Amino acid sequence: MINNKEKYTAFIKSEAQRLGFLSCGISKAGFLEAEAPRLENWLNNQMHGEMAYMENHFDKRLDPTLLVDGAKSVISLLLNYYPAQTQNPESYKISKYAYGQDYHFVIKDKLRELLHSIGETIGEVHGRAFVDSAPVLDKAWAAKSGLGWIGKNSNLLTQKTGSFYFIAELIVDLELHYDHAVTDHCGTCTACLDACPTQAIVAPYVVDGGKCISYFTIELKDNLPMEMKGQFDDWAFGCDVCQDVCPWNRFSKPHSEPLFNPNPDLLAMTKKDWDEITQETFNKVFKDSAVKRTKFSGLQRNIDFLK
C-alpha cells in the first residue's frame, strides 16, 4: 500500500496522464472566498440571461464540501479538444468542442476509471466525478490548482496550451499535496474584448452571459431577439471567437482523442447543406454530439436566423 500524500498525488497525476488528460492540478476543498462576491454581482446584474439554474445552489457552487461528504481535495483535470481539421470556410459554424462525441460521456468514463484506479491502489476513497453537470465552479478550481489563469474572456488560459480544453473534477475525501495558482498573463491584450461579435465581454474578466452567441444558440429556448440579427457571424451552435483571437491559442495542438474526431460529413458541409438539413441528416452527423442539446428544431431556428 502507498502511504503518504506525496505518493498518492504522484500516482493520481500519472494515472490522469495515462488516461489522456492534458494536465491535472489539485486544491484543498473549501469555501471559494474570492469567488463569492464575484458570483453574487454577476447574478445581481442579470448576466445569466434566462439561465435560472445559475441562481440555484449558491452555497454549493462555492463550497464543494456541501456536495461531497468529507471532501478534502478537488482534483481538476483538463482534456484537449482542439481539432486537427476545421469546418469548410463556406459553412455555418459550430464550436470546436462539439465536433466529436459529447464530452460529458467521454470524460465521465475517464473520471470513473480514474476514481476506480485510486480505490484499487490507495484504498477506500469516496468521491464524485463532475463534468459541467453540477454546481461546481470548474474554472475557479482549475485556476486555484495552477492549471492556468482566468483570462479577460473568462475562459481558463494556459501558457503553451491556450484554452481549447474541457475542465472536469473529482472531489474526494482524501488529503493530497496541493498545487498553487499561477499568475495572470493577459497583460494589456484586449483581443477578445475587441473581437466579440455581440460585445458580450462587457469589461475585462466580465462576460454578460445573456449577450453571448453561445447562450443564444444553445441555452435560449425562445425565439432569438431580432435586435441581434446580423451579429452572429455565421455561428449556428456556440461561438469560438474570443478563443480564436486569443494569442495563447497560437500554441494549441490537435487532440489525440479519437472520440473527438468530427464526422467527415460535418467538415464538408456548405451553407447550402445546412440550409437543406433534414432530421435524418441531423441524426446522422450529430449522432453522439453535444449539438443534440439544441435539438433539430433549435438548430433550424439558428440557421434561419443567420440567413
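Fair warning: this is a prediction, and the values are worked out from it, not measured in the lab. Heavy-atom basis, side chains included; hydrogens, waters and symmetry copies ignored. Sequential numbering from 1 along the given sequence is applied to the chain's residues.
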Donor-acceptor pair, side chain of T278 and main chain of T281, under 3.5 angstrom: yes

Atom of F251, atom of T161 and distance for their closest heavy-atom approach: CB-N, 4.0 Å

Closest approach of L78 to L147 (non-hydrogen atoms, all atoms of both residues): CG-CD1, 3.8 Å

Validation row: F130, K108 side chains within 4.5 angstrom (heavy atoms): no

Quiz item: cation-pi between K229 and F305, 6.0 Å / 45°: yes

Any side-chain donor near an acceptor of the partner, Y178 and T9, under 3.5 Å: no

Side-chain heavy-atom pair W141, P64 within 4.5 angstrom cut-off: yes

Heavy-atom pair of closest approach, residues D63 and G30: OD1-C, 3.8 Å

Check: A16 main-chain N/O paired with K110 side-chain donor or acceptor under 3.5 Å: no

Within the 6.0 Å centroid threshold, strictly below: Y165 and Y81: no

Whether S145 side chain and A142 backbone form a donor-acceptor pair below 3.5 Å: yes

Donor on one side chain, acceptor on other, T270 and E90, under 3.5 Å: no

P247 backbone acceptor or donor facing R250 side chain under 3.5 Å: yes

Residue pair D240 / S95, side-chain donor-acceptor N/O under 3.5 Å: yes

Beyond-backbone contact of N155 with V207, side-chain heavy atoms, under 4.5 angstrom: no

Test item: L193 and N153 side chains (from C-beta on) under 4.5 Å apart, heavy atoms: no

Shared hydrophobic cluster for F296 and L220 (ILVMFWY, side-chain gaps under 4.5 Å): yes

Expected output: side-chain S289 to main-chain A98 donor-acceptor under 3.5 Å: yes

Gap between atom NZ of K152 and atom CG of D194 - 0.5 Å precision: 9.5 Å

Nearest-0.5 Å distance that lies between atom CD1 in I26 and atom CD in E169: 12.5 Å

Salt-bridge contact E35-K144 (side-chain N to carboxylate O under 4.0 Å): no

Main-chain N/O of Y92 paired to Q87 side chain as donor or acceptor, under 3.5 Å: yes

Member of K271, K93, K307 meeting the salt bridge (charged side-chain N to carboxylate O under 4.0 Å, His left out) criterion with D234: K271

Test: D179 and K13 ion pair at under 4.0 Å: yes

Flag if over 12 foreign heavy atoms under 6.0 Å of CZ, F105: no

Short side-chain to backbone donor-acceptor contact, S73 and L174, under 3.5 Å: yes

Any side-chain heavy-atom pair of P197 and I213 under 4.5 Å: yes

Side-chain donor-acceptor pair present, Y97, D102, cut-off under 3.5 Å: no

Within-4.5 Å side-chain heavy-atom neighbours: I167 and K139: yes

Hphob cluster co-occupancy, L156 + V206, side-chain heavy atoms under 4.5 angstrom: no

Pair S91-W274, side-chain donor/acceptor within less than 3.5 Å: yes

Donor-acceptor pair, side chain of S14 and main chain of F11, under 3.5 angstrom: yes

Cluster check L22, L19: I/L/V/M/F/W/Y, side chain < 4.5 angstrom: no

Presence of salt bridge, E15 and R18, under 4.0 angstrom: yes

From OG (S163) to CD1 (I150), nearest 0.5 Å: 12.5 Å

Least distance between heavy atoms, L114 atom then I12 atom: CD1-O, 4.1 Å

CD1-CZ distance between I75 and F21, expressed to the nearest 0.5 angstrom: 10.5 Å

Plane angle bin for F164 and Y82 - parallel if under 30°, tilted between 30 and 60°, otherwise perpendicular: tilted

Co-membership, hydrophobic cluster, residues L32 and Y205, 4.5 Å side-chain: no

Non-hydrogen atoms of N302 and A236 that approach each other most closely: ND2-O, 2.9 Å

Derivation and outcome, side-chain contact (heavy atoms from CB on, under 4.5 Å), residues D275 and I303: CA-CA 7 Å; D275 289 339; I303 291 165; 3.5 Å; yes

Donor-acceptor contact present, side-chain N249 to main-chain Q243, <3.5 Å: yes

Worked verdict on E219 versus R293 for salt bridge (Lys or Arg N to Asp or Glu O under 4.0 Å): CA-CA 9 Å; E219 298 287 347; R293 274 188 66 194; 3.1 Å; yes

Side-chain heavy-atom pair N88, L267 within 4.5 angstrom cut-off: no

Cationic N near anionic O, under 4.0 Å, K272 to E276: yes

Under 3.5 Å: donor-acceptor pair, side chain of D288, backbone of G100: no

Path from L224 to V241 over hydrophobic side-chain contacts below 4.5 Å: yes

N-O pairing of D304 and R301 below 4.0 Å: no

From CG (D244) to SG (C239), nearest 0.5 Å: 8.0 Å

Nearest non-hydrogen partners of I201 and C242, listed with the distance: CD1-CB, 4.1 Å

Y103 and F166 aromatic centres sub-6.0 Å: yes

Spacing of CG belonging to L79 relative to SG belonging to C24, to within rounding of 0.5 Å: 12.5 Å

C186 side chain reached by W248 side chain, heavy atoms, under 4.5 Å: no

